[in-house]
Number of protein chains: 2
Amino acid sequence: MKSNEIKEAALKYFTIHGYEGASLSQIADEVGMKKQSIYAHFKGKDDLFLQVLRDAKETELSSKLQYFSNIGSQHPEKDLYGFLQLVIALFKENEQLKFWLRMSFFPPAHLVKAIEKEVIDIEEKVQAILESKFHDWIDAKAIFGDSAKTPTLAFLGIVDSIMLELVYVNDEKRLKDKLEASWTVFWRGISHR
Amino acid sequence: MKSNEIKEAALKYFTIHGYEGASLSQIADEVGMKKQSIYAHFKGKDDLFLQVLRDAKETELSSKLQYFSNIGSQHPEKDLYGFLQLVIALFKENEQLKFWLRMSFFPPAHLVKAIEKEVIDIEEKVQAILESKFHDWIDAKAIFGDSAKTPTLAFLGIVDSIMLELVYVNDEKRLKDKLEASWTVFWRGISHR
DNA sequence: CCTCCCCTAACGAACGTTCGTCAGTTTATA
DNA sequence: TATAAACTGACGAACGTTCGTTAGGGGAGG
């Protein structure tokens, strides 16, 4: 399917140059066609962008939800650290997560509302399932604490900081160091002594 | 000085729309002149951008270094939490930190090298002074741990996640919750029991 | 005091280029 | 032959930039 090729190229250029910096002619060049031909598949730049955005959202959401559906309430240490590794893997194997991160925090001005809706949606779902997991772990005395909210928000903070580090790719060792450091302190902060 | 007004307007539009999305005519409108007049003060768009960038860098660096120069090695809890509050205050009182954050992680493609140099410079300095503080705190048995690197990197992660939350301004309460959660877990993770 | 000169700051006009988009036409596939 | 997808051509608008030209404000020399 040609429209998937277009979306793939669009994803690449939107990620690197942002919405305003990415041009349809670049994208068309990448798939070997003229920019006008894009209009046979999409209504325009906004339409293309929003479809790429929704694809990225779906990929991220389904990956994360699937991960949590396969874990129990016995091994928070393994499962939480595994989640961080999942995020890193997702980031490296496709550009969608980087695109998603960029557009979540620095959206094109005229699409703020549309993007915000998607971001809030995915955020609420991830936070909800994570919070229920922390709730289970607390009940099972697998971690320290009384409220599930605190470790949930703190963990989401770790995820964000790791993603920022991933954007900043130049140094694989620094990523590893930062992951180890954040995880070590975080786990000590929520585990029993 | 008129060129400061131009830089102020440029900061605003670069922050909101990014480098490619900000136009000289918008910036000129903001200060009540034509875009051609900008060329009486700056060589071009790149020159204007880089001057804004260096101003932002200097503001951030001097604020942070000044904060650390005024603290001792006795009260890490107060001083570290105070640093997070400083970052939040800086973010709210001027746009430079938001601009800096955006351009650090999503720089315009043709200026990547120039921006990277500034980012690495500031990053190394902040990390170095923070690490020396953690070293002192460990020596003074004020916090738990053997290496200063681990808490340093973990704390920088907290700072990053808080800044991301600040970009995402819509919810003041969420910021407060996230700060409290991250800080609570972090402090428990590095303090003695 | 006056005038000549240089400087800064701003201007209108125009440059060449690229942008996103639309219309009409050809090509290929089924 | 019908339909979808690619093409060519053109559009107005905006982009960053350059040009030549004003208006005004010191200093210097007569």
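We name chains A, B, ... by the order of the sequence lines, and we start the count at 1 in each one. Note that these values count all heavy atoms, side chains included, but never hydrogens, waters or copies made by symmetry.
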Exercise. Is A/S37 near enough to D/dA5 that one of its side-chain N or O atoms lies under 4.0 angstrom from OP1 or OP2?
Worked result: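 For A/S37, the contact criterion (side-chain N or O under 4.0 Å from OP1 or OP2 of D/dA5) is not met.
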In whole angstrom, give the distance that lies between atom [atom1] of [X] and atom [atom2] of [N].
| X | N | atom1 | atom2 | result |
| --- | --- | --- | --- | --- |
| A/M1 | D/dA4 | CE | C1' | 12 Å |
| B/H41 | C/dC11 | NE2 | C1' | 12 Å |
| A/I38 | C/dC22 | CD1 | C1' | 14 Å |

Are there any protein N/O atoms within less than 3.5 Å of an N/O atom in nucleotides 12-16 of chain C, and if so, which ones and at what distance?
unit_1	atom_1	unit_2	atom_2	d
C/dG12	N7	B/Q36	NE2	3.1
C/dA13	N6	B/Q36	NE2	2.9

For this session: Compute whether any side-chain donor of one residue and acceptor of the other, for A/T152 and A/E131, lie under 3.5 angstrom apart.
Result: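 Result is no, nothing qualifies.
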Problem set entry | B/D46 versus B/Y19, side-chain donor and acceptor atoms under 3.5 Å |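 The criterion, which ignores hydrogens and geometry beyond distance, is satisfied for B/D46 and B/Y19.
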For this session: State, with a plain yes or no, whether a side-chain heavy atom of A/I143 is found less than 4.5 Å away from one of A/H192.
Result: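 SC-SC contact between A/I143 and A/H192 ruled out.
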Exercise. Taking only residues two or more places apart in sequence, or in another chain, which ones meet A/V167 in a side chain to side chain contact (heavy atoms under 4.5 Å, CB included)?
Worked result: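 Here the qualifying residues are A/F91, A/K98, A/L101, B/F105, B/F106.
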Problem set entry | All side chain to side chain contact (heavy atoms under 4.5 Å, CB included) counterparts of A/Y81, not counting sequence neighbours |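 So A/Y81 forms a side chain to side chain contact (heavy atoms under 4.5 Å, CB included) with A/Q85, A/L179, A/E180, A/W183.
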Exercise. Once you round to the nearest 0.5 Å, how far does CG of A/N94 lie from CG of A/L11?
Worked result: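 Going from the CG atom of A/N94 to the CG atom of A/L11 covers 7.5 Å.
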Exercise. Which of residues 42-56 of chain B have a heavy atom under 4.0 Å from DNA chain C?
Worked result: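 Close to the strand, none.
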Exercise. Between residues 23-33 of chain A and DNA chain C, which residues have a heavy-atom gap below 4.0 Å?
Worked result: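 A/S23, A/L24, A/S25, in order of number.
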Exercise. Ion pair present between A/E165 and A/R174, side-chain N to carboxylate O less than 4.0 angstrom?
Worked result: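 Salt bridge present between A/E165 and A/R174.
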Problem set entry | Charged N-O contact under 4.0 Å between A/K92 and A/E172 |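 Counted as a salt bridge, because a side-chain N and a carboxylate O are separated by less than 4.0 Å.
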Problem set entry | Greater than 12 external heavy atoms within 6.0 Å of B/E8's CD |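 Check fails, neighbour count at 12 or below.
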Problem set entry | Listed partners of B/D121 passing salt bridge (charged side-chain N to carboxylate O under 4.0 Å, His left out), at least two apart |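 With neighbours one apart ignored, the set is B/K57, B/K125.
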